[in-house]
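One structure below.
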Amino acid sequence: MMIRNQSYFIFFLSLIFNTLASPTLQRDALLEFKNEFPIPKSLSSWNTSSNHCSWEGVTCNANSGEVISLVLEDINLNGSLKANTSLLKLQHLQHLNLNRCNLVGEIPSSLGNLSHLKGVDLSSNNLVGEIPSSLGNFSHLKYLDLSNNNLAGEIPSSLGNLSHLTELYLYVNHLIGEVPPSIGTLDQLTDMSFSLNNLSGNIPSSFANFNKLSYLDLSENQFSGGDLPLILPNLTSLSTLDIFNNHIKSKLPSNMSGLHNLEVFDVRRNSFVGNVPTSLFKIPSLLFVYLSENQLEGPLEFGNTSSSSSELEWLDLASNDFHGPIPEDISQLSKLEFIDLRNNSFIGSIPRSMSKLVSLYSLDLSYNKLEGQVPSFLWRLSTLMLSHNSFSSLEEVVVNGSDSDLSSNSIHGPASYVDLGSNSLQGSLPRWICKCTSLKVLDLSKNHLFGSIPSCLMNSIASLGYISLRNNNLSGFLPDIFTNATDLRSVDVSRNQLVGKLPESLIKCKSMEYLNLKGNKFKDTFPSWLSSLGSLSVLFLASNAFYGPISSDVGFSSLQLIDISHNSFNGTLPQDYFVNWLEMSSGWRAINDSEWSFHNLQENSTYLQYMGGINYEDSMDMMYKGVDTEFPRIFVEYKAIDFSGNKFTGQIPKSIGLLNELIHVNFSRNAFTGSIPSSLANITHLEALDLSHNKLTGNIPRDLARLSFLSYLDFSHNFLQGPVPRSTQFLSQKCSSFEDNLGLYGLEGICGDIHVPDPTSQQSEEFSSEESEELLNWIAAAIAFGPGVFCGLVIGYIFFTSHKHIWFLEKFGRN
């Protein structure tokens, strides 16, 4: 009995000791964990003067005092988790959140010993290395987030042991390889994202087990396939599927009606083939469909969908191989707000039934084969893109027998973005444009429009940021309508038949960055007053009838592209003419100089930014390396000068060398004299230089050989002389680039040995010529000398034999 009582006593003491000691151990473990990092000020509450259960981020079991949750989100720990981290002493820990704590290093495999963990969040740190396979030991784990780190290697198959897991996030890392099939055994998953990694191979067929999965994101990886017709129909709880931007080649399931919870279906930028099943559009919960940039084909069919049951708002089928007409039953998708069918092969006209889509605000049918009339109900849309089709006319907007005011409530609008470029539109500019007072972008370029630009355009131009009427047959004057166009950024009326002088109200366009008047019949002096537009970066006046000198006391400080070629500008350019053209003397340096060339940038569009606004990009055509080239987009750092085809005289200004960011310089077909400025060698990124058809003299500056990006040169038809610089840039040019410069030599490596002047032979020829001339002079003297001597002897004999020599000596001898 006494022994039994002693046992109870010892047990009681042990219980008291454990109760007292356990909280102290928990507190000490937390303090040790804190000391593993530089002491963050935000953990100032972690000290011995207070109960550890009241510390920031700490939650304890109310009965035992054991730490069950540690949430240090956004605490800057700025260190790594040690292999023997004191966290391992918190054996009852259930939730660990170290999100955005600036953790570095690897995830310690010892973390897998915290067997009671139900939730682990180590996301948005700088963790590296592989995911430890020991994380598969978390037998109670329901939540695992390792996203937004720098983790590498493959996904460990041991994660398939986490049988209670409901959420798994591994997105934005550097994971590689195939997804292990064991992941498919996690049949309790509701949310999973592996996006933005380098995962490859097939999507495992075991994913068909995910009948509770609501959110699946595998986007932006390298997946190549998988049995999606088998997998997808089994994901009956799926709300969002995102496999955007992979390489998946597959068909869509023929029957998708079982996905009755699906709201977002995004398979863009893959290689899906075949038809789109009509069952997809019958899913009543569906809101967003993204099928663009695949190889889907066939006529588009929506099936017999009840307009009252469809919730679809967004339909993106762009860049596929659909053909045939746009089906009339598209109107059954009555809640559509956005439609993108661009870059397919749709034919026929725009279905009139689309007028029933009263919620529609954006329609893109560009790059198809549509034709006929553009229906008037489309003018109510905010965004209308119909470019690159064969539309021939625009239906007039008429309400109650009169033109409708597109800014009024009578039409659901107002139109903001209208692109009808590259069609076959005929007739005059539609007057309804003048009533679109909310218009931001208007593109009617590359059509067959004629007549004058209406003055009433002043009503809508106040809101415009971009207008392009290029490549039409518009005539008359450019009206003086720009007084209130303070937001106008881009004006392109090139390639028309416009005449007269430039409207002075252009000076009110304080936001103007791009002005293209090329290829008209404008007759005016150089608009130096445009230099007051502080944002003007592109000015094209080429191929008009501009005349006179172009000197400007101010300079164009923001200009980076100017083309005034093929006019009648004349006079001399002061040597300091380019001093204030500041934008061309400073440039972008985000790229290593060795990769800088314009050609390299075009090849690697990752680096590129283009001129334009949010919803459009500027374009141009310009002489580039001797070829008239169209640029559908303009690289924001492309800088060029083209003064060719005018009547300039005098020397090329030495200040051209200050514009050291120029890529293209063209002063050809003028009457420039003097030598080539050696300052051109300062333009270190110059790729094309054309000085042909002038009256330049002297040598080609040797320093031009240092221009490593120079790939096009033309010095032909001048009066240059001396040696051609010997460098790769010069030796790779065509012989025609130096022709008609009789004094140049050293062209053997460019033109071959035939008809190439040689300095030695040239000198010997000159020497031979001089010798021949001297020899001829001596021969002539000798021919004249012979008879002279003979005549002299005869006369002398007569003179002396007749005693006349005595008179001669008496007369002249003493003197």
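Computed from heavy atoms alone, side chains included, the values below leave out hydrogens, waters and symmetry copies. Note that the numbering runs from 1 along the sequence shown for the chain.
The heavy-atom pair separating H566 from N646 by the smallest distance is N-ND2, 4.0 Å. For the residue pair L333 and F281, the shortest heavy atom distance occurs at CD2-O, 4.4 Å. Between L559 and M584, the shortest heavy-atom contact is O-CG, 3.2 Å.
With values rounded to the nearest 0.5 angstrom, F338 atom CZ is found 15.0 Å from S359 atom OG. The CZ atom of F578 sits 6.0 Å away from atom CG of L573, with the distance rounded to the nearest 0.5 Å. Distance check, rounded to the nearest 0.5 Å: OG of S428 to CG of L449 gives 8.0 Å. Residue L541 holds its CG atom at 7.0 Å from CG of L502, rounded to the nearest 0.5 Å. Atoms CG and OH, from L384 and Y417 in turn, are 10.0 Å apart once rounded to the nearest 0.5 Å. For the atom pair N389 CG and L420 CG, the distance stands at 9.5 Å (nearest 0.5 Å).
With sequence neighbours left out, E297 forms a salt bridge (Lys or Arg N to Asp or Glu O under 4.0 Å) with no residue at all. Residues meeting the side chain to side chain donor-acceptor pair (under 3.5 Å) test with S494, sequence neighbours left out: D492. Annotation: side-chain contact (heavy atoms from CB on, under 4.5 Å) contacts of S668 (sequence neighbours excluded): S644, N666, D690, S692.
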Derivation of the side-chain hydrogen bond (donor to acceptor under 3.5 Å, both in side chains) call for N660 and S585: CA-CA 5 Å; N660 55 7; S585 61; 5.2 Å; no
CA sep, side-chain torsions, deciding dist, call: D487, K510, salt bridge (Lys or Arg N to Asp or Glu O under 4.0 Å): CA-CA 7 Å; D487 293 330; K510 298 302 182 183; over 6 Å; no
Derivation and outcome, side-chain hydrogen bond (donor to acceptor under 3.5 Å, both in side chains), residues S490 and D618: CA-CA 8 Å; S490 181; D618 294 319; 3.0 Å; yes
Audit row: D266, F288, side chain to side chain contact (heavy atoms under 4.5 Å, CB included) steps and yes/no: CA-CA 8 Å; D266 190 349; F288 302 95; over 6 Å; no
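Annotation for E337: atom CD counts as buried by contact number, over 12 foreign heavy atoms lying within 6.0 Å. Annotation: R489, atom CZ; neighbour count of heavy atoms from other residues, nucleotides and ligands within 6.0 Å is above 12.
In the model, D316 has a side-chain atom that pairs as donor or acceptor with a side-chain atom of S292 under 3.5 Å. Between R495 and S543, the side chains place no donor N or O within less than 3.5 Å of an acceptor N or O (distance only, hydrogens not considered). For the residue pair E328 / S353, a side-chain donor-acceptor distance below 3.5 Å is found, with atom types taken as modelled.
A centroid separation of less than 6.0 Å is found between the aromatic rings of Y638 and F631.
Within the structure, no pair that satisfies the salt bridge (charged side-chain N to carboxylate O under 4.0 Å, His left out) test touches residues 525-545, not counting sequence neighbours. Judged as a side-chain hydrogen bond (donor to acceptor under 3.5 Å, both in side chains), the pairs with a partner in residues 472-482 (not counting sequence neighbours) are, in order, D480-S505. Applying the ring-ring contact (aromatic ring centres under 6.0 Å, His included) rule to pairs touching residues 465-498 yields Y466-Y616, sequence neighbours excluded.
The pair E311-K335 counts as a salt bridge, with a side-chain nitrogen and a carboxylate oxygen less than 4.0 angstrom apart. Checked for salt-bridge contact, E396 and K435 miss the test: no charged N lies under 4.0 Å from a carboxylate O. Salt-bridge annotation for K518 and D563: present, with a side-chain N of the basic residue lying under 4.0 Å from a carboxylate O of the acidic one. The pair K639-E637 meets the salt-bridge criterion, since a charged nitrogen lies less than 4.0 angstrom from a carboxylate oxygen.
No cation-pi contact links R269 to F244, judged by a cut-off of 6.0 Å to the six-membered ring centre and 45° from its axis. Relative to the six-membered ring of Y367, R342 misses at least one condition, a distance below 6.0 Å or an angle of at most 45° to the axis.
Considering only heavy atoms from C-beta on, L300 stays 4.5 Å or farther from N344 through its side chain.
The only member of N516, N447, D621 that meets side chain to side chain donor-acceptor pair (under 3.5 Å) when paired with R470 is D621.
Between W581 and Y577, the ring planes are tilted. Angles from 30° to 60° get that label. The aromatic rings of F667 and F643 sit perpendicular, their planes meeting at an angle over 60°, well past the 30° parallel limit. Below 30°, between 30° and 60°, or above 60°: for F546 and F569 the angle between ring planes is below 30°, a parallel geometry.
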